[in-house]
Amino acid sequence: ADMNGTAIENFVCVIFNVSFMNCTWHVGRTASGDTQYFLYWKTSRKEDFTGCQNYIKDNCGRHTGCRFQNVTIENKRAYFLVNGSTRGQNIQSISDYIFVEKLTPPLNVTVNCTEASHGCEIRWQPPHTSHVKRRACFKYEIVIENK
């Protein structure tokens, strides 16, 4: 039977710079010092899970995160599996996680100001992302500072 309180907590995965992903978590409340966690992920139900190759470890040597490179998420879905053991018994599984993408700034920003129109035209292209392809998905906020 799975041991209560051994499941990881606060599981968060963040994609940044389009193709890098860091996943982090906290060790379960009742996890002993010999508890070890292993993270696997995939982007479709049909493919096989890929295991972490670059773990982040705490002071006890327990895995508390993973760094992935060359991440591609085409269909906006990600499936995660964390397993492991403590005192020779299986840890509890998780069902909740947060998945976020930190976007790069917009690309090719240009500003064209003319005295005749007493205004400026600002243009840009959407940032590169790991999975969002539609321009309509983005909303922008412009902050103009007079210097």
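Here the structure is a predicted model, which is why all the values come from computation and not from measurement.
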Minimum heavy-atom distance Thr35-Arg62, with the two atoms named:
O-CG, 3.0 Å

How many angstroms lie between CD1 in Ile142 and SG in Cys120, if you round to the nearest 0.5 Å?
10.5 Å

Return the minimal non-hydrogen interatomic distance between Phe38 and Gly84, and the atom names on each side.
CD1-CA, 4.1 Å

same_hphob_cluster(Trp25, Ile56) at 4.5 Å side-chain heavy-atom cutoff
no

Apply side chain to side chain contact (heavy atoms under 4.5 Å, CB included) to the pair Leu39 and Phe11, showing each step before the final yes or no.
CA-CA 11 Å; Leu39 173 63; Phe11 181 53; 3.7 Å; yes

Same cluster for Val111 and Trp124 if Ile/Leu/Val/Met/Phe/Trp/Tyr side chains link at under 4.5 Å?
yes

Side chains of Tyr40 and Asn83: does their closest heavy-atom pair fall under 4.5 Å?
yes

Is it true that Lys139 and Glu141 make a salt bridge, defined as a side-chain N closer than 4.0 Å to a carboxylate O?
no

State yes or no: do Leu103 and Val143 share one hydrophobic cluster built from I, L, V, M, F, W and Y residues joined by side-chain heavy-atom distances below 4.5 Å, directly or via other members?
no

Report the distance from atom NZ of Lys102 to atom CG of Asn22, rounding to the nearest 0.5 Å.
9.0 Å

To the nearest 0.5 Å, atom SG of Cys60 lies from atom CG of Asp34 at 10.5 Å

Nearest 0.5 angstrom please: Thr64 OG1 to Asn10 CG, how far?
12.0 Å

Distance from His63 atom NE2 to Thr24 atom OG1, nearest 0.5 Å?
14.5 Å

Side-chain donor or acceptor of Tyr37 paired with backbone N/O of Gly28 under 3.5 Å:
yes

Taking atom CD of Glu47 as the centre, report whether more than 12 heavy atoms of other residues, nucleotides or ligands fall under 6.0 Å from it.
yes

Considering all heavy atoms of both residues, which atom of Val27 and which atom of Glu9 are nearest to each other, and what is their separation?
O-OE1, 4.4 Å

Residue pair Val71, Trp41: steps toward the side chain to side chain contact (heavy atoms under 4.5 Å, CB included) verdict:
CA-CA 11 Å; Val71 170; Trp41 87 294; 3.5 Å; yes

For Val18 against Ile15, the heavy-atom pair lying closest together:
O-CG2, 3.7 Å

Kindly compute the distance separating CD (Glu121) from OG1 (Thr110), expressed to the nearest 0.5 Å.
7.0 Å

With respect to the side-chain SG atoms, do Cys52 and Cys23 come within less than 2.5 Å?
no

Test: Lys42 cationic atom under 6.0 Å from Phe49 six-membered ring centre, within 45° of axis
yes

Is atom CG of Asn54 surrounded by more than 12 heavy atoms (other residues, nucleotides or ligands) closer than 6.0 Å?
yes

Aromatic contact between Phe68 and Phe20, with the criterion being ring centroids under 6.0 Å apart: yes or no?
no

Taking all heavy atoms of Pro127 and all of Pro105, pick out the closest pair and write down the distance.
CB-O, 3.7 Å

Would you name the heavy atoms of Phe80 and Met21 that are closest together and state the gap between them?
CE2-CE, 4.2 Å

